[in-house]
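Encoded as structure tokens, the structure appears first; notes follow it.
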Amino acid sequence: MSVKEKFNKEEESVNFIEEIIQKDLEQGRNDGRIHTRFPPEPNGYLHIGHAKAILLSYNIAKKYNGKFNLRFDDTNPETEDYKYVEAIKEDLRWLGIDWEDREFYASDYFEQLYQWAEELIRRGYAYVCELSPEEMAKLRGTPKQPGQSPYRDRPIEESLDLFRRMRAGEFPDNSMTLRAKIDMASPNMHMRDPVMYRIKHKTHFRQGDKWCIYPTYDWTHGQSDYIEGITHSLCTLEFEVHRPLYDWFIDRIKEIDTEKPKDYRPRQIEFARLNLNYTVMSKRKLLRLVQEGYVSGWDDPRMPTLAGLRRRGYTPEAIKLFIEKVGYAKRENIIDISLLEWAAREDLNKRAQRIMGVIDPLKVVITNYPDGMVEYMEAINNPEKPDAGTRKVPFSKVIYIERSDFMENPPKKFYRLAPGREVRLRYAYWIKCTDVIKDENGNIIEIHATYDPQTRGGHNPPDGRKVKATLHWVSAQHAIPVEVRLYDRLFLKPDPDDVPEGKDFTDSINPNSLVVKTAYVEPFVKDAKPGDKFQFERVGYFCVDPDSTDEKLVFNRTVTLKDEWSKIAKKQKK
RNA sequence: UGACCUGUGGUGUAAUGGUAGCACAGCGGACUCUGGAUCCGCUAGUCCAGGUUCGAAUCCUGGCAGGUCAGCCA
């Protein structure tokens with residue numbers, strides 16, 4: 001059986017990366033071993049774009065019976081911290097990623113990297129350069145003009161001596177670097193003698209003050225993959241131009257490390273990163289949103305971070321569904337946020353407990369219903385999941401309905417409550433609006449209605465009458481007030497970065513991306529715990545926020561339900 | 001501008017020389033105790049120009065458009 005037949009179910013097509021992997025497998029590369037990795041830098045939180053990268057590498061390892069490593073690329077002590085390591089691990093676990101015992105740190109390879117660097121110097125492949133950062137930038141040249149360094153022909157022994165003294169701490173920050181000696185005329189700027197080591201007298205969060213020289217990412221990344229036996233290094237497009245450099249480094253290492261088989265080396269394959277409209281995805285910008293207080297933190301439910309999405313009410317399954325629909329290719333893309341929202345609804349529809357909750361209450365008095373009477377109506381917990389059973393919802397003379405479910409002068413196609421009109425109260429009774437009570441300013445403050453005892457449970461009456469709408473409701477005396485946080489997209493523009501001169505992405509922040517209200521919900525939710533998910537029927541999906549206390553529950557709106565009427569209303573406005 | 005990469009409905013993504021398919025969005029309908037869900041249908045696409053071929057989204061040439069790179073960030 002061919003590799004293709006073994007792994008592809010009939011008719012199923014695989015992305016271009018798996019195609020390459022299947023070819024490698026067919027050719028027996030690396031003895032059929034598949035080993036991938038996810039290499040985050042611990043300087044920020046993971047976002048939905050990272051989920052795309054993680055799931056690719058993780059799923060490939062799983063599908064092809066390979067291994068998956070988690071490796072922190074912690075080569076820059078200035079921005080990295082344990083708090084990010086912990087946050088990243090928590091998000092990965094939540095996503096269902098299992099790296100077993102393979103949690104690695106590039107900083108653990110610093111000594112090996114250093115030894116290789118010395119060997120590169122001895123072989124004439126690297127030299128110590130004393131250009132300042134500004135001078136180096138200037139002397140790098142332009143894509144058309146070759147660059148230069150006055151130090152590239154420095155004697156090997158001199159470089160070796162200086163490099164050792166760099167490590168020993170004899171020189172100040174930025175005074176010199178170790179550079180690979182490659183090609184100062186290369187049209188690929190990354191080949192113009194890239195920096196391998198820089199001097200930073202900074203404490204590293206794991207290495208402490210052991211080092212004052214730190215390897216650059218370019219010198220560290222590929223070699224770390226090599227050390228770990230990674231067979232396929234999957235990364236985003238911007239590293240495409242780095243690949244020749246990584247291959248060059250590996251070629252040099254292969255000259256030193258001759259024990260390993262010839263094909264033992266990582267193959268880098270690049271794919272397009274995920275972009276979502278109406279949000280920003282760069283760590284730098286997300287950090288600014290946090291630091292400048294536009295959001296409450298990395299886990300603010302409006303953030304595209306995994307922590308934010310989790311708090312918003314997304315499940316790992318919804319994230320995976322979304323990523324699966326997005327797919328992997330090399331062309332730049334901007335995914336419509338509606339696909340993410342679709343994934344949330346698709347997933348939550350199947351799992352969410354239904355309840356009734358009124359966000360914007362309008363009091364309804366059922367005038368012919370006995371004072372003081374309470375009935376407990378049976379309601380279905382989840383129509384998509386019959387095993388979920390039913391619950392009892394209290395009903396009484398005074399209830400709240402959604403203000404938007406009543407109109408005094410209903411336009412065409414408005415099916416809900418209006419003067420003289422009859423509607424169904426879900427699981428309860430049919431009611432007919434008899435009076436509209438207003439305050440002195442003409443605002444509607446109360447509705448009077450009568451109910452039909454024959455419709456108990458919400459069932460159709462024997463006379464064959466029909467209603468066009470079913471409303472959600474809560475019994476006023478039984479309802480629990482809760483805080484609801486209604487979220488909308490964080491930015492008003494599809495591309496927040498598309499701004500005129502002098503402006504930046506924060507200018508298009510949506511001032512109404514968070515609206516806080518008090519809602520009234522049925523007593524069923526009273527013991528809900530943070531993370532519990534509900535569908536408020538006819539309204540949307542909500543998730544209990546960790547800010548909840550014994551006194552007050554807080555709900556985050558994950559996403560609204562699809563709303564036919566709002567579409568019609570919008571069209572009627574035009 | 002130099003190198004590298006990429007161009008398929010509005011947005012994503014398949015088709016690997018042989019009927020351009022799927023999903024999201026949009027539009028219409030059926031059904032419904034959620035205007036939810038479900039079901040059915042419709043609109044809409046191969047960047048352009050040549051060439052190879054019986055046949056090109058696919059191969060070749062030349063354009064055009066977009067992206068990436070010129071940190072001692074990753």
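Below, chains carry the letters A, B, ... as their sequence lines are ordered, and counting in each starts from 1.
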Please name the nucleotide paired to [N] by Watson-Crick or G-U wobble geometry with both distances under 3.5 Å, or report none.
N	answer
B/rG45	none
B/rC72	none
B/rG66	B/rC5
B/rU53	none
B/rA30	B/rU38
B/rG12	B/rC22

When all nucleic acid strands are considered with a 4.0 Å heavy-atom cut-off, which category describes [X]: base, sugar-phosphate, or nothing?
X	answer
A/T75	sugar-phosphate
A/H221	nothing
A/M136	base
A/Q535	base
A/L131	base
A/R354	base

Check every atom of [options] against the side chain of [X] and return the nucleotide holding the closest atom.
X	options	value
A/K562	B/rU34, B/rC72, B/rA37	B/rA37
A/L561	B/rA14, B/rG36, B/rC72	B/rG36
A/K200	B/rA25, B/rU34, B/rC73	B/rC73
A/R426	B/rG35, B/rU34, B/rC72	B/rU34
A/K571	B/rC27, B/rC72, B/rG36	B/rC27
A/N349	B/rG36, B/rA74, B/rG35	B/rG36
A/P383	B/rA37, B/rU34, B/rC72	B/rU34
A/T177	B/rC73, B/rC72, B/rG28	B/rC72
A/V195	B/rA23, B/rA14, B/rC72	B/rC72
A/R331	B/rG26, B/rG7, B/rC72	B/rG7

Do any N or O atoms of the protein come closer than 3.5 Å to N or O atoms of nucleotides 67-70 of chain B, and which pairs are they?
{"residue": "B/rG67", "atom": "O2'", "partner": "A/E332", "partner atom": "OE2", "Å": "3.0"}
{"residue": "B/rC69", "atom": "O2'", "partner": "A/H190", "partner atom": "NE2", "Å": "2.7"}

Point to revise | Verdict with supporting geometry, A/H472 and A/R538, side chain to side chain donor-acceptor pair (under 3.5 Å) | key: CA-CA 7 Å; A/H472 61 279; A/R538 303 209 310 133; 3.3 Å; yes
Review point. Any donor-acceptor pair under 3.5 Å between the side chain of A/R416 and the base of B/rG35?
Key: yes
Point to revise | Check: B/rG12 base within 3.5 Å donor-acceptor of A/E324 side chain | key: no
Mind checking the [atom1] distance from [N] to [M]? Whole angstroms is fine.
N	M	atom1	answer
B/rU6	B/rG10	P	23 Å
B/rG51	B/rA57	P	15 Å
B/rA70	B/rU1	C1'	12 Å
B/rG26	B/rA3	P	44 Å
B/rG9	B/rU38	P	27 Å
B/rG17	B/rG67	P	31 Å
B/rG66	B/rU53	C1'	31 Å
B/rC42	B/rC22	P	10 Å

Point to revise | Name of the residue among A/K468, A/R465, A/K466, A/K432 meeting salt bridge (charged side-chain N to carboxylate O under 4.0 Å, His left out) with A/E422 | key: A/R465
Exercise for review: Please figure out whether A/K144 or A/I568 has its closest RNA chain B nucleotide nearer the 5' end.
Suggested key: A/K144
Study note, to complete from the structure: Between A/I335 and A/E130, whichever has its closest RNA chain B nucleotide further toward 5' is A/I335
Has [X] got its NZ or CZ under 6.0 Å from the middle of the six-membered ring of [Y], at an angle within 45 degrees of the ring axis?
X	Y	value
A/R71	A/F104	no
A/R154	A/Y127	no
A/R206	A/Y82	no
A/R167	A/Y114	yes

Exercise for review: Answer yes or no: does a side-chain N or O of A/R345 lie under 4.0 Å from OP1 or OP2 of B/rA37?
Suggested key: no
Practice item. For B/rC72, take OP1 and OP2 only and decide whether either is under 4.0 Å from a side-chain N or O of A/R192. Key: no
Cut-off 3.5 Å, side chains only: do [X] and [Y] have a donor facing an acceptor?
X	Y	value
A/E270	A/Q268	yes
A/N43	A/E41	yes
A/D91	A/Y45	no

Point to revise | N-glycosidic conformation, B/rG71 - syn within 90 degrees of 0, else anti | key: syn
Practice item. First locate atom CZ of A/F249, then atom CH2 of A/W219, and finally report the distance between them rounded to the nearest 0.5 Å. Key: 6.0 Å
